[in-house]
Amino acid sequence: MIKRTHTCGDLNKSNIGEQISLNGWISKRRDLGGLIFFDLRDRYGITQIVFDDKQYSDSFKIAKKLGFEDVIGITGIVISRPDEAINNNMATGEIDVVVEKIIVYNESEPPPFDINDRSSASEENRLKFRYLELRTKELQYYMKIRHDTTLAVRKFLSNFNFIEIETPVLMKSTPEGARDFLVPSRIHKGKFYALPQSPQTYKQLLMVSGYDKYFQIVKCFRDEDFRADRQPEFTQIDIEMSFVTQDDIINLGTLLVKSLWKNILNIELTDKFPALTYQESMEKYGSDKPDTRFDMCLIELSDYIKSSDFDTFKKILDNNGRVKAIKSPNASKYSRRVIDDLTDWIKTYHQAKGLAWIKCIDGKLEGGISKFFSDDLKNTMIKNLSIKDDEILFIIGDKKNITLNALGALRLEIAKRENLIDKNKWSPLWIIDFPLVEWNEDNQRWDALHHPFTSPNLDDMHLLDDNPASVRSYGYDIVMNGYELGGGSIRIHDAKLQSKIFDLLGVEKQEAEEKFGFLMNAFKYGAPPHGGMAFGLDRIIMLLTGSNQIRDVIAFPKTTSAMSLMDNSPSNVDNEQLDELGLKIK
């Protein structure tokens, strides 16, 4: 093997005349008869190397037989390029290396796609040959940013006196909102471990153990249904602290995000991030993770509907539903066919029963459901809602949650169509005052909005028995450009209050003891007030790199159906393994 003296991104004019050694992959080749040029690539960059038949015929003969992605080592002399051949877009663009000696480590079969052009293959094919896609410039950059980010996180938290502690990967199955991945025990037949959805209970136990500032960059697992922006296994930055308030954790989270954006992108975010309550965010943007890089707020139409003749929406209001709208420019672009397509999309993916509309043309509201509004009422709407010429109101009337969520999704869709989003803007904010619980209509019970260990806001304790829907939690999320970066809560540290919350959620005492008894017992021995949060590392990397999907920033991701096309997992196992575990496939 040739021991390299430099990487393929190192050499420049200062090295001219030196004898150097490089190792790498052949990325491009040009054969000019007596001269052969290769682009030699490693993860640090590209260097152009030259084989000259007149000077070094032995090396030239070997090079003649080589092709793309062959792995070679070379020794040669650094020379300057002619002025007309200088490439100012490459760090090594002013030099070449004339090869004296070459060793071929491994010849490659023709690759299934062009490593220099990711778009030359479908995503399915790239995932099948992920080890080749990881050679591409984009993914090498993404993995470097991932490394830099995790290093920056560890430095930041260590400077704040946090210590990193690993928690088990094989743990007890506990309900946390998604299905567990279960691992059967061979030794204890019929019993199962679960892979952690998060280290929630362990980090609370660490607070009881006196480790007042804990963090971990940890793998988590959730067996969820198909989600385009989710992975069954993902990485989170897990943080927990004792003797803190919600504001303490929000301040730390703000500083951490500011530090990452400064260290990785050299971008200064504002000192304080704005905060919206959950209710404000839903009413204003139709989302608890709003993209605030553009305005287009939801408009309340209830009063105007009550004064109209549109009985369909009036009935919705009479049944405690909601009628709201968004206002979009370029009404003339929205033909009946385009509106019908948007209506089908809203119905299919966001459960709304329909999409109503009204356009403002030449200072008048017309089309759609405008006929149900008197001229005076339409003029009042134009004035009060500041409706301009060639704007269109998209209106949804439905149950509260459907109306808000559907309009929130439509708001994003329209913003993309109208190019309203400033791609160079960063817009972080905190969402606070989440409801403690939400009603599960299917199972006729209260579910924890975050998880069952989230503390209710102590100011709302009087509502817990008679009006739990109005109880706020000490829960909070941090959002950036429409993506949830992370979230957390102040935890319950009192065993009696925890039992009361279990009762509210319909968790029987026996079930609570079986699933959480170890945590409740720990609380008996002096549990400090504590809280924390977890950041989604993969999503942070996606934003920092400018990628538009989370699979790009994970070395070996799964598809949306939780499959690995590269190694064909999940896969069948043989009967002997199943017998050892005491399992049968139904």
Side-chain angles (χ1 to χ4, degrees), residues 1-121 125-126 128-141 143-144 566:
M1 188 181 82
I2 290 177
K3 182 78 172 175
R4 65 182 175 185
T5 61
H6 297 78
T7 72
C8 294
D10 280 346
L11 301 173
N12 54 51
K13 287 177 70 174
S14 68
N15 301 106
I16 290 172
E18 293 179 15
Q19 185 180 63
I20 59 89
S21 297
L22 301 173
N23 290 312
W25 286 259
I26 298 172
S27 181
K28 290 182 181 178
R29 69 168 283 157
R30 287 182 297 140
D31 193 334
L32 303 182
L35 294 174
I36 299 174
F37 293 86
F38 286 168
D39 277 1
L40 192 66
R41 183 194 69 239
D42 62 14
R43 77 175 177 91
Y44 305 95
I46 291 174
T47 298
Q48 183 168 270
I49 60 176
V50 186
F51 296 85
D52 188 335
D53 190 18
K54 291 181 180 178
Q55 293 188 69
Y56 304 104
S57 59
D58 290 344
S59 295
F60 182 88
K61 289 174 184 175
I62 295 172
K64 197 82 174 168
K65 302 174 184 177
L66 299 179
F68 297 134
E69 301 307 311
D70 291 345
V71 189
I72 63 174
I74 63 101
T75 296
I77 303 295
V78 181
I79 63 170
S80 62
R81 289 193 189 186
D83 289 345
E84 65 274 13
I86 289 174
N87 185 345
N88 292 317
N89 296 320
M90 287 174 57
T92 60
E94 294 181 300
I95 60 93
D96 287 335
V97 177
V98 177
V99 178
E100 299 172 322
K101 178 184 177 183
I102 180 173
I103 292 179
V104 179
Y105 300 127
N106 208 315
E107 292 187 28
S108 171
E109 293 184 5
F113 59 89
D114 183 358
I115 307 297
N116 297 308
D117 181 12
R118 275 182 80 207
S119 62
S120 65
N125 203 37
R126 297 197 311 268
K128 183 177 180 181
F129 296 95
R130 183 65 168 187
Y131 46 86
L132 295 181
E133 188 181 19
L134 284 167
R135 291 183 192 172
T136 63
K137 182 179 179 180
E138 294 95 329
L139 264 64
Q140 298 241 322
Y141 169 71
M143 294 304 115
K144 177 64 166 59
M566 186 186 68

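At distances below 3.5 Å, at least one donor-acceptor pair connects side-chain atoms of Arg126 with backbone N or O atoms of Ala121. Formation of a donor-acceptor pair under 3.5 Å by the Arg29 side chain with backbone atoms of Ala63 is found in this model. Judged by distance alone, the side chain of Ser59 and the main-chain N or O of Tyr56 form no donor-acceptor pair under 3.5 Å. A donor-acceptor pair under 3.5 Å is formed between the side chain of Asp70 and the backbone N or O of Ser108.
No donor-acceptor contact under 3.5 angstrom links the side chains of Thr5 and Ser21, judged on distance only.
Every pair passing ring-ring contact (aromatic ring centres under 6.0 Å, His included) that includes a residue from residues 22-51 is listed here, sequence neighbours excluded: Phe38-Phe51.
The CD atom of Glu69 sits 8.5 Å away from the CG atom of Asp114 when rounded to the nearest 0.5 Å. In this structure, the separation between CE on Met566 and CZ on Arg130 is 9.0 Å, given to the nearest 0.5 Å. In this structure, CD1 in Ile36 is found 10.0 Å from CD1 in Ile49, a value given to the nearest 0.5 Å. Separating the OG1 atom in Thr136 from the CZ atom in Arg41 is a distance of 9.0 Å, to the nearest 0.5 Å. Separation of atoms CG (Asn106) and CD1 (Ile72) is listed at 12.0 Å; rounding is to 0.5 Å. Remark: Leu11 CG to Ile46 CD1 distance equals 13.5 Å, nearest 0.5 Å.
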(message) With side chain to side chain contact (heavy atoms under 4.5 Å, CB included) as the criterion, how do Phe113 and Leu132 come out once you've worked through the C-alpha distance, each side chain's angles and the decisive distance to 0.1 Å?
(response) CA-CA 9 Å; Phe113 59 89; Leu132 295 181; 4.0 Å; yes
(message) Evaluate Thr47 against Asp10 for side chain to side chain contact (heavy atoms under 4.5 Å, CB included), listing each step before the verdict.
(response) CA-CA 9 Å; Thr47 298; Asp10 280 346; over 6 Å; no
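Contact of the Gln48 side chain with the Met90 side chain is not registered, since no non-hydrogen atoms from C-beta on lie closer than 4.5 Å. At a threshold of 4.5 Å between non-hydrogen side-chain atoms, the residues Val97 and Leu40 do not count as touching. No side-chain heavy atom of Thr92 sits under 4.5 Å from any side-chain heavy atom of Cys8. Residues Asp42 and Asn23 form no side-chain contact, since every pair of their non-hydrogen atoms from C-beta on lies 4.5 Å or further apart. Side chains of Lys65 and Val104 form no contact here, defined as non-hydrogen atoms less than 4.5 Å apart.
Of all the heavy atoms in Gly9 and Ala91, the pair that sits closest is O-CB, 4.3 Å. Closest of all the heavy-atom pairs between Leu22 and His6 is CD2-O, 3.4 Å.
Applying the side chain to side chain donor-acceptor pair (under 3.5 Å) test to Glu94 and every residue at least two apart in sequence or in another chain returns nothing.
Each of Asp53, Asp31, Asp58 was checked for a salt bridge (charged side-chain N to carboxylate O under 4.0 Å, His left out) with Lys64, and the lone residue meeting it is Asp31.
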